[in-house]
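Quick notes on the structure that follows.
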Amino acid sequence: MVLHINIDKIRTVVIEEVIEESPSVKTIVFNDRLSSNAKPAQFLMVWIPRKEELPMSVMISNKKDHAAITIRKHGFGSTSLFEKKQNDLIGIRGPYGNYFNVSKSLKNPILIGGGTGLVPLMRLSTVLSKMQRRCTIIMGAQTQKEILFKVILEEILSKISTNIIVTTEDGSYGVKGVVTDALKYILKKEKFDMIYTCGPELMMKSIYNLSIPYSIPIQASLERYMKCGIGICASCCINDKLVCKDGTVFNESQLSELSEFGKVFRDKSGRPSYY
Amino acid sequence: MVLHINIDKIRTVVIEEVIEESPSVKTIVFNDRLSSNAKPAQFLMVWIPRKEELPMSVMISNKKDHAAITIRKHGFGSTSLFEKKQNDLIGIRGPYGNYFNVSKSLKNPILIGGGTGLVPLMRLSTVLSKMQRRCTIIMGAQTQKEILFKVILEEILSKISTNIIVTTEDGSYGVKGVVTDALKYILKKEKFDMIYTCGPELMMKSIYNLSIPYSIPIQASLERYMKCGIGICASCCINDKLVCKDGTVFNESQLSELSEFGKVFRDKSGRPSYY
Amino acid sequence: MKNNSSSLTTPNIKSFYNSSNMLSIDLAGIHLKNPLLLASGFLGISQEIFNRLYHDGLGAIVSKSISVGPLDGYKGPTVVSLGEKGYLNAVGLANPGSDVFAHEIMNNQIPLIVSIVGSSQSDFPKLISKFDKLNILGYEINLSCPHVAKMGMEVGDDLDLVTKIIKTIKSKTKKPVIVKVGIGNTDVLKLASKIQESGADAITAINTIRAMAINVETGMPILSNKVGGLSGIPLKPIGVRCVFEITKKVNIPVIGCGGIFTWEDAVEYILAGATAIELGSVIGFEGLKAFNEIKLGITRYLEKKNCKNIKEIIGLAHKY
Amino acid sequence: MKNNSSSLTTPNIKSFYNSSNMLSIDLAGIHLKNPLLLASGFLGISQEIFNRLYHDGLGAIVSKSISVGPLDGYKGPTVVSLGEKGYLNAVGLANPGSDVFAHEIMNNQIPLIVSIVGSSQSDFPKLISKFDKLNILGYEINLSCPHVAKMGMEVGDDLDLVTKIIKTIKSKTKKPVIVKVGIGNTDVLKLASKIQESGADAITAINTIRAMAINVETGMPILSNKVGGLSGIPLKPIGVRCVFEITKKVNIPVIGCGGIFTWEDAVEYILAGATAIELGSVIGFEGLKAFNEIKLGITRYLEKKNCKNIKEIIGLAHKY
Ligand SMILES: Cc1cc2nc3c(=O)[nH]c(=O)nc-3n(C[C@H](O)[C@H](O)[C@H](O)COP(=O)(O)OP(=O)(O)OC[C@H]3O[C@@H](n4cnc5c(N)ncnc54)[C@H](O)[C@@H]3O)c2cc1C
Ligand SMILES: Cc1cc2nc3c(=O)[nH]c(=O)nc-3n(C[C@H](O)[C@H](O)[C@H](O)COP(=O)(O)OP(=O)(O)OC[C@H]3O[C@@H](n4cnc5c(N)ncnc54)[C@H](O)[C@@H]3O)c2cc1C
Ligand SMILES: Cc1cc2nc3c(=O)[nH]c(=O)nc-3n(C[C@H](O)[C@H](O)[C@H](O)COP(=O)(O)O)c2cc1C
Ligand SMILES: Cc1cc2nc3c(=O)[nH]c(=O)nc-3n(C[C@H](O)[C@H](O)[C@H](O)COP(=O)(O)O)c2cc1C
Ligand code: FES
Ligand code: FES
């Protein structure tokens, strides 16, 4: 017998653990085999009962058949989720979207993320570590307190040759500045064969622009306002693409055709706004 | 991939061949793999578009993946079906119901049928022939012209030791009388280990009564007014059993508890009528 | 109803709860050992079948809708499986009629509700007079059959007629009167209020919805009556909505019906406000074993949620 | 439409039929290369997406329902998958508003129908004035959204208001006006007659049906609006019935909508009387490849049935 699981149906899960990552970021761990098998950059639609439903990247968990989400406290929806406690119930559906593609011939990738944009890179790091690939990571935060996942990341990558670069805008830790400052510097010194990135769109746009002169392939995981997550509402559209279905990951040739990348996004009502 | 076939959904089939069995009986052949694999005594619900839907036993066909139904022209529904021509469309669903059970230890069965009640016995004969079992058949008709399937039956059973007894009420062929007359006679001479029967209920009731003193196990395929064929309407009920689901085949211990067997059946409206 | 994570993994620990007590309910003055009723029209014409269904786990049986005289119903097909766990039916209210049916249930010993249907106001007193002295729990009035002219829905769509019929029936019997509604051409909430005002004891929601299937190979409507009623899983979200909205509007108990296949479906209706539920189409897909599976599922759920009785969860969704 | 058994096995033999001609239709004065339209509310806010959908095979696009000003819609969840190929949605008519949307489609080159929705009669002339000079085929008026107070269904249930709105719109535009109906609290057949009398050019049937889902673990309604509209396969038999009954009653063309997932579903609606069909929920399950699969299936069917054009099978089921 084949088990037909409809990933679109909401699965209620119990919050088993809440991890404080920083004053404004928490990770919520739950048991869900489908999510534990998510590919890097896939996301869940997370139901916060009677409050909101929000797209959230699937975070790794070291427990078998478990996965997690990492939330930055922001507006109404994320704050409601942020306030959830152990044993509370949330709903999830997915995982959705395409994912970071890791080719067998990959030799020297660089991963660049900022804030919760690091979440997909955590799962990617796990994959790279298993594949015994050398890798470089640039992770950005505003200040030391907001640096996410550094310890786990070091652990994941402990078995492979890694270069972890941390940037803080206030210089309270690591390199002072933003991730692109560090990227500019390292691109001059080292040859990479893939850039993986997730984070604020303007950051990714700068990274994309930096990649062009070096002809380095890039995979960027985009965010857009998402209502359905399943390709029916178009609230997530960027040009003629649906970020939830055709993305979230786009490569350099796709990005070159997305005139709205780094420029236009749509709000709840579908009106275009400009970065 | 597993193919989930919903046997309850109507499958439209093209009538490929119409065989005249007697002046009032025709066999309609069509391609339908599910029906071709039916077990002896299973039935189809046959849709005669814009006319009726009738339960019909699944008749054998010698074409691969084909099956057939054999219709006696009677009232509105059966006459509409009887008048169908080659290339016309009918709908079928099923096969439904339980079936004649043939145990491996079976040695000397006797099959007794009258009229279109012979249909399930044709499929049973095929099974017995493949199992290389000796068998006896008593087939009844009113008159020579109305004797059904004799030639095919001889062919099916040609490879095993068989005794085919034909009875006609007017004596125009074979033994004069009804099937029970022949049965009474043969029971005295030979020891059988199973009676299979299908046909008019009063005939089956007499056969059942005859079987008791000899303690021969019996399997009888019953008919009742059937509207749904899937166990939801109860129009086919006999005592607390649903003939379409719990039957059509009942054994001697079940029959002994069915006080309505040979006595009461229900009409279209559900009112009990008496034989 | 807080989630208790330890009981999540050990749902059966509270063995001191008697599961039959957990599921017992009171419905319009009737005490039932569990809230699972047979929906009208399913297997509902024979006393021996009723007995079997009761012993297979139902709390009560609702008979096929019975009219004054017998009805043969429509020609076949009268029931069409749509796949996707739905049926279309136009049986045409085939039933043996009140005389024969009263005789059938003469010696009834099980919790039986007689469903009645009429084509005029005057039919109903006749029906009550046939059944009222028998050992039955009460009546369900079918005002919502969507495919028989002048019966069922055509009555249910006429609010004044509904009032008159219910008042007539209530004046002739002391037994509880349940009125079954559907999605017709009238606002089901207005109808529900009218039913309560007229003195009915409970409401069943919902009946099948008018629908149709055409066979593409022949180009022909499949049902002999062309149009019939949709039942099964497709109805569930509509039924749940009706129960939720009706129980917000009226105080009399509501029996949920439509597409209940699993214990989750049953619980969903109860959370929406249903005091009891009726099971129909599930029988065609799962057979009679469905009854006990649904009861077991509800019992485990109540244990997990630390509830002593199913009554505690009735209408909980209204809190939010 | 007689069955031809030889063509059964060789469905593609009639290569001289041009399949694009086979599927072309005329709808309220509009010529479309095929009868597949996008249902309103699906992917309907961006010109670039419209272009993509058109190139993926649709005959025309119906936009998201546009209101005078922008609407943010409800909080999430706004779309709930029910399994069984159905959705529940309460998006709350989120849309960018008429100004922004008119700007969006300023340079439109593809067959586009603008769906409009209003909360009062006076909204509609405003909406027409924004769009009437643009390159669009016509309008679909959404009188049937079942879950936004004072919009959609609450208008559709008021027959007099419907008449006034249609007459106002018709007086302001020469473009075809399609009115979309649903199963609300009014007789859909009376509504259809009123729509025809008022001068509308076509009817779309049906919109979603008011429905609800409750999560059993939390006991809470899932949609933030609690109640929403049911779409997808559960709707199909109800939609087919409405198209069948409406086309029996009115002469203006009807566009079938509701649960069309396969070519058989499309053909079923057309046999019931639909001149064209709209596709919505199928996109969530099958993606955009569904459009060409459905067209291919219809083409093969027409070839097998020896039909030169799809028009030959419109309403065939009425013959029986
Ligand atoms: C694919 C994807 C993955 C994401 N992964 C994470 C993650 O791992 N961790 C994390 O903290 N956040 C993640 N987000 C962002 C998250 O979904 C919310 O946008 C964010 O939490 C703000 O929500 P809010 O309700 O507090 O915002 P509000 O304060 O209400 O709104 C602030 C802004 O948040 C954005 N937003 C709000 N709702 C949505 C929505 N439904 N879809 C997309 N954007 C929205 C809009 O740009 C809005 O202007 C992800 C978004 C996407 C699209
Ligand atoms: C399991 C089963 C297998 C059958 N197999 C065959 C077969 O192989 N060949 C064959 O010719 N007939 C078969 N029949 C009988 C057949 O279904 C019809 O009953 C018969 O053809 C008469 O139909 P009519 O419409 O012409 O009858 P009418 O003249 O309208 O009615 C005559 C009698 O036929 C019976 N009948 C009518 N409709 C039904 C129905 N839907 N279900 C059951 N009985 C009905 C009733 O007893 C009725 O009183 C079978 C019946 C059953 C239950
Ligand atoms: C074959 C069939 C016959 C029915 N007959 C009746 C009836 O006689 N009276 C009635 O009130 N409802 C009748 N119904 C409606 C059911 O009682 C029930 O309301 C409906 O099927 C929805 O429940 P379900 O989805 O569990 O089947 C019938 C339904 C079917 C499928
Ligand atoms: C998410 C969603 C949004 C919708 N928005 C609209 C809308 O804005 N206007 C409208 O007329 N119908 C809207 N509908 C209804 C659809 O157009 C269509 O009538 C319905 O979904 C049935 O078709 P389907 O089963 O093919 O989806 C919406 C449906 C869904 C699921
Ligand atoms: S979120 Fe709805 S289409 Fe992407
Ligand atoms: S024919 Fe309906 S239950 Fe047997």
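Residue numbers start from 1 in every chain, and the chains themselves are labelled A, B, ... in the order their sequence lines are given, proteins ahead of strands. If you're wondering where the values come from, they're calculated on a predicted model, not measured in any experiment.
Within a 6.0 Å sphere centred on NZ of Lys9(B), heavy atoms belonging to other residues, nucleotides or ligands number 12 at most. The number of heavy-atom neighbours closer than 6.0 Å to NE2 of His103(C), taken from other residues, nucleotides and ligands shown, is 12 or below. The number of heavy atoms from other shown groups lying within 6.0 Å of OH (Tyr99(B)) does not exceed 12. Within 6.0 Å of the CD atom in Glu16(B), the count of heavy atoms belonging to other residues, nucleotides or ligands exceeds 12. For Lys39(B), the NZ atom sits in a loose shell: 12 or fewer heavy atoms of surrounding residues, nucleotides or ligands are nearer than 6.0 Å. Within a 6.0 Å sphere centred on NZ of Lys84(B), heavy atoms belonging to other residues, nucleotides or ligands number more than 12.
Taking CZ of Arg11(B) as the start and CD of Glu217(C) as the end, the distance is 14.0 Å to the nearest 0.5 Å. For the atom pair OG1 (Thr78(C)) and CD (Glu52(B)), the distance works out to 8.5 Å, reported to the nearest 0.5 Å. One distance of note links CG of Asp8(B) with NZ of Lys85(C); it measures 12.0 Å at 0.5 Å rounding. Here Asp246(B) contributes atom CG and Arg52(C) contributes atom CZ; the two are 4.0 Å apart, rounded to the nearest 0.5 Å. Distance check, rounded to the nearest 0.5 Å: CD1 of Ile10(B) to CG of Asn215(C) gives 7.0 Å. In this structure, Phe285(C) CZ and Ile232(B) CD1 are separated by 8.5 Å, a value rounded to the nearest 0.5 Å.
What you find for Trp47(B) and Ile222(C) is that their closest heavy atoms are NE1-O, 3.7 Å. Heavy-atom minimum distance, Met220(C) versus Pro49(B): SD-CB, 3.4 Å. Residues Leu43(C) and Gly231(B) approach most closely at CD2-O, 3.4 Å, considering heavy atoms.
If you tally non-hydrogen atom pairs under 4.5 Å between each of Gln47(C), Glu48(C), Lys64(C) and chain B, the highest count goes to Glu48(C). With chain B as the partner, the residue from Ser224(C), Gly41(C), Gly44(C) showing the most heavy-atom pairs under 4.5 Å is Ser224(C). Between chain B and the options Leu288(C), Val91(C), Leu82(C), heavy-atom pairs under 4.5 Å are most frequent for Leu82(C). Ranked by non-hydrogen atom pairs under 4.5 Å with chain B, the options Leu71(C), Leu223(C), Ile283(C) are led by Leu71(C).
Of the two parts of Leu242(B), the backbone and the side chain both hold a non-hydrogen atom closer than 4.5 Å to a non-hydrogen atom of chain C. Heavy atoms closer than 4.5 Å to chain B are found nowhere in Phe50(C), neither backbone nor side chain. Only the backbone of Lys51(B) comes within less than 4.5 Å of a heavy atom of chain C; no side-chain atom from C-beta onward does. For Leu53(C), no part lies under 4.5 angstrom from a heavy atom of chain B.
When side chains are defined from C-beta on, Lys226(C) counts as touching Arg50(B), because their heavy atoms get closer than 4.5 Å. Between Val216(C) and Thr12(B), every side-chain heavy-atom pair lies at or beyond the 4.5 Å cut-off. With contacts defined as side-chain heavy-atom distances shorter than 4.5 Å, the pair Arg266(B)/Ser46(C) qualifies. Taking 4.5 Å as the limit, every side-chain heavy atom of Val79(C) sits out of range of all side-chain heavy atoms of Cys233(B). For the pair Arg271(B) and Asp72(C), the minimum side-chain heavy-atom distance is below 4.5 Å. No side-chain heavy atom of Ser269(B) sits less than 4.5 Å from a side-chain heavy atom of Ile45(C).
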